[in-house]
Each structure stands twice: as C-alpha cells, then as structure tokens.
Amino acid sequence: MSFQPEAIRAFERAGWQRAASSYGSSFAHATAPFVTPLLDAAEVSAGQHVLDVACGPGDLAAAAAGRGATAQGLDFSAEMVRIARSIHPEVVVTEGDAEDLPYPDGVFDVVLSSFGIHHVPRPELALAECERVLKPRARIAFTVWATPEENIAWSLVFDAIARHGNRSDAQAPPLGGALNQIDQCARALEAAGFVDRSAEIVRSEWLLPNGRALLAALSAGTARMAALLAAQEPSALASVADDIDSQAERFRCDQNLAIPIAAVLARGRKAGD
Ligand SMILES: C[S@@+](CC[C@H](N)C(=O)[O-])C[C@H]1O[C@@H](n2cnc3c(N)ncnc32)[C@H](O)[C@@H]1O
C-alpha cells in the first residue's frame, strides 16, 4: 500500500477522540512514570516557556507548570484538548497538528512530547516543526515506546494474538515511521537539525490488578492497539484474554502485577550561538 499520510492522520484522530474520555483512568497510568525523566532530560525549570506536543490530557505540561514553567499544550483531538483544559486550567491548550505547529519561529525554551511523535504520519515533519518553534540552543526531549521485546505489556498482547487471533486483521494503516529504537530516534533528531543528541532506554512498570485489566486499559485508552483488539473474532478475543490473564501472572507482586514497560527517551538542542 502506498504511503497515505491523511489516512494515518484520520485513523489516529478518530482513535484518540474515542479513547479520550477513558484515557486518564487507563493508558495515562502507563505514560505517567516517564513524565519526570522527560522534564529532567530537558532540564525544565521555573520561568521557561515550555510546549508539550501531542499533550493528550496535558499531564506533562501540567508537571512543567508545577516546576514554575509557563506551559502550553497542543493536541489534534478536540476531545483531548477539552479534557486537558478542564483538568489543567493553568495550561494553555491549543487544538492543532504536530506537523503544522500554530506558533511563530523561535518562541519556546523547551519542547517536549510524551508518546506522541510516533503517531504523527511524518514524524520527521513534526520534529522539524519542534525545531522551528524553539529558540536557538533550546532543548527538545521526547519519548516513544521501545520495541515489544522491551515492552512486556505489548508483547503479552502480541504473543496472545499470534497464538489465538490474527495480527493482520487490524483495520489500521501502517505507522508513518519506525521510531521505537535508540538509533532511529537519534537519527530522527539529527535529520531535523538538532545537535547535542542522545537517546536511552528508560524502564518502568505498569501496575494492574490482572491481565484482563491490561487488556481493558489498552482497549479503552489507545488507538492502534484498540483497533487490533477490536478486529479479532469474538471467540479469538476470548482466548486472547485468557492467554494474557495467565501469562501476565508471572509479574504478580502481591495485589498487583508489575508489568515491565520501556521507553526510548531522546533529547537534543537546537543549533545556535
Ligand atoms: C499516547 S497519547 C499521549 C498523550 C500524552 N502525551 C501522554 O503521554 O499521556 C498520544 C496523543 O497524541 C495525539 N496525537 C496523535 N497524532 C497527533 C498529531 N498529528 N498532532 C497532534 N496530536 C497528535 C493524540 O491525540 C493523543 O492525545
């Protein structure tokens, strides 16, 4: 299939619009542990003007504001924007697309993005836009999910679908760009003109009562994974749920499972004097 950025954008926007109302009680628990590493990587501090691209409900922008920064968020889902504005009134949230940021050149001290860049049809355009709106020598930091081998929450689902369902059933256009490894993220920053680049794996755990809760959180709070799950035959989905429920038990710590998750955290600086 030829590359169709508008099909990817429409699929992603519809998925995030649907997920928005349950995102805070589901998938946001997986992204939350990476907020502090992102703020630290970009050295966010009081007085800075910070932009959070693909902000979802705005928790990262709000955490930047908690450090004394003036924080703005941007997301292309009107529903995410509405929620972000209602729960974080201290953050100015704008509806817009990461490939076409509605800001002048050179206005931000820091641009952040938490698990957003890989959803954009052309991540390279989004990173070029981030570079454009940063002041000279200002910092960018972003996270994307690491490969399923590192991300057990994902591999539990993919392995169960491989055993009982069909991975190719998903009614989803392919991702715009592969962006789940250290070297890919470092190259993407380089292509957008950033200097002082580095990328690393950051690990955490997603606490959930059982494997079915993992399945429910991914179905309710994501776009692409939810589409893959929804596309499975009902009988296959029941077997997938049983499989995840039993396989996930090896991560049990008392009341909860502590399921390993991992991000690539990439950072760089805009060139300048
Ligand atoms: C996994 S959520 C991450 C939300 C939040 N940053 C977090 O870490 O919890 C992905 C977000 O990216 C947004 N998004 C995806 N593609 C986008 C685009 N092209 N422009 C702006 N936002 C986009 C979605 O609407 C969604 O809110």
Side-chain angles (χ1 to χ4, degrees), residues 4-39 41-42 50-64 71-85 87-88 91 93-103 111-130 133 140-146 151 153-154 172-173 175-177 179-180 202 204 206 217-227 261-266:
Q4 295 178 315
E6 293 316 319
I8 297 171
R9 195 187 323 281
F11 167 80
E12 292 279 347
R13 190 193 275 118
W16 294 113
Q17 284 282 88
R18 184 197 55 80
S21 62
S22 39
Y23 187 88
S25 58
S26 56
F27 202 59
H29 293 290
T31 65
F34 302 95
V35 164
T36 299
L38 264 173
L39 297 178
V50 175
L51 174 65
D52 175 6
V53 174
C55 64
D59 299 345
L60 175 63
Q72 290 189 227
L74 171 127
D75 202 283
F76 76 168
S77 156
E79 194 51 18
M80 287 286 194
V81 168
R82 187 189 64 74
I83 292 167
R85 285 176 179 155
I87 60 179
H88 299 301
V91 177
V93 187
T94 303
E95 185 179 333
D97 199 287
E99 287 188 353
D100 185 18
L101 295 177
Y103 310 105
V111 173
L112 304 170
S113 188
S114 164
F115 303 103
I117 297 290
H118 57 299
H119 293 290
V120 177
R122 289 164 293 206
E124 69 279 9
L125 278 190
L127 289 173
E129 277 292 87
C130 294
V133 302
I140 184 170
F142 71 88
T143 46
V144 292
W145 294 111
N151 257 324
W154 276 247
L175 277 167
L179 211 55
N180 60 6
V202 179
S204 189
W206 190 358
L218 290 170
S219 294
T222 66
R224 202 163 279 275
M225 184 68 101
I261 51 177
V264 180
L265 168 54

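Atoms within a ligand are numbered from 1 in the order they appear, just like the ligands themselves. Nothing here was measured: the structure is a model prediction, and the numbers come from that model.
- In this pair, Trp154 and Trp145 present their aromatic rings tilted. The plane angle is within the 30 to 60° band.
- Within the structure, ligand 1 lacks Leu60 among the residues with a heavy atom less than 4.0 angstrom away.
- Separating the CG atom in Asp52 from the CG atom in Leu60 is a distance of 4.0 Å, to the nearest 0.5 Å.
- Atoms of ligand 1 found under 4.0 Å from any heavy atom of Ser77, numbered from 1 in the order shown, are 25 (O).
- With sequence neighbours excluded, no residue satisfies ring-ring contact (aromatic ring centres under 6.0 Å, His included) with Phe76.
- Interface atoms of ligand 1 facing Gly56, defined by a heavy-atom separation under 4.0 Å, are 4 (C), 27 (O).
- Every atom of ligand 1 with a heavy atom of Phe115 under 4.0 Å away is listed here by number and element: 1 (C), 2 (S), 3 (C), 10 (C).
- At a 4.0 Å cut-off, not a single heavy atom of Glu12 sits close enough to ligand 1 to count as contact.
- At least one N or O atom of Thr31 sits closer than 3.5 Å to an N or O atom of ligand 1.
- At least one heavy atom of Gly96 sits less than 4.0 Å from an atom of ligand 1.
- Identified under the side chain to side chain donor-acceptor pair (under 3.5 Å) test for residues 116-125, with sequence neighbours left out: Glu12-His119, Glu99-Arg122.
- The atoms of ligand 1 that sit less than 4.0 Å from any heavy atom of Cys55 are 5 (C), 6 (N).
- The distance from ligand 1 to the heavy atoms of Tyr23 drops below 4.0 Å at these ligand atoms: 1 (C), 2 (S), 3 (C), 4 (C), 5 (C), 7 (C), 9 (O).
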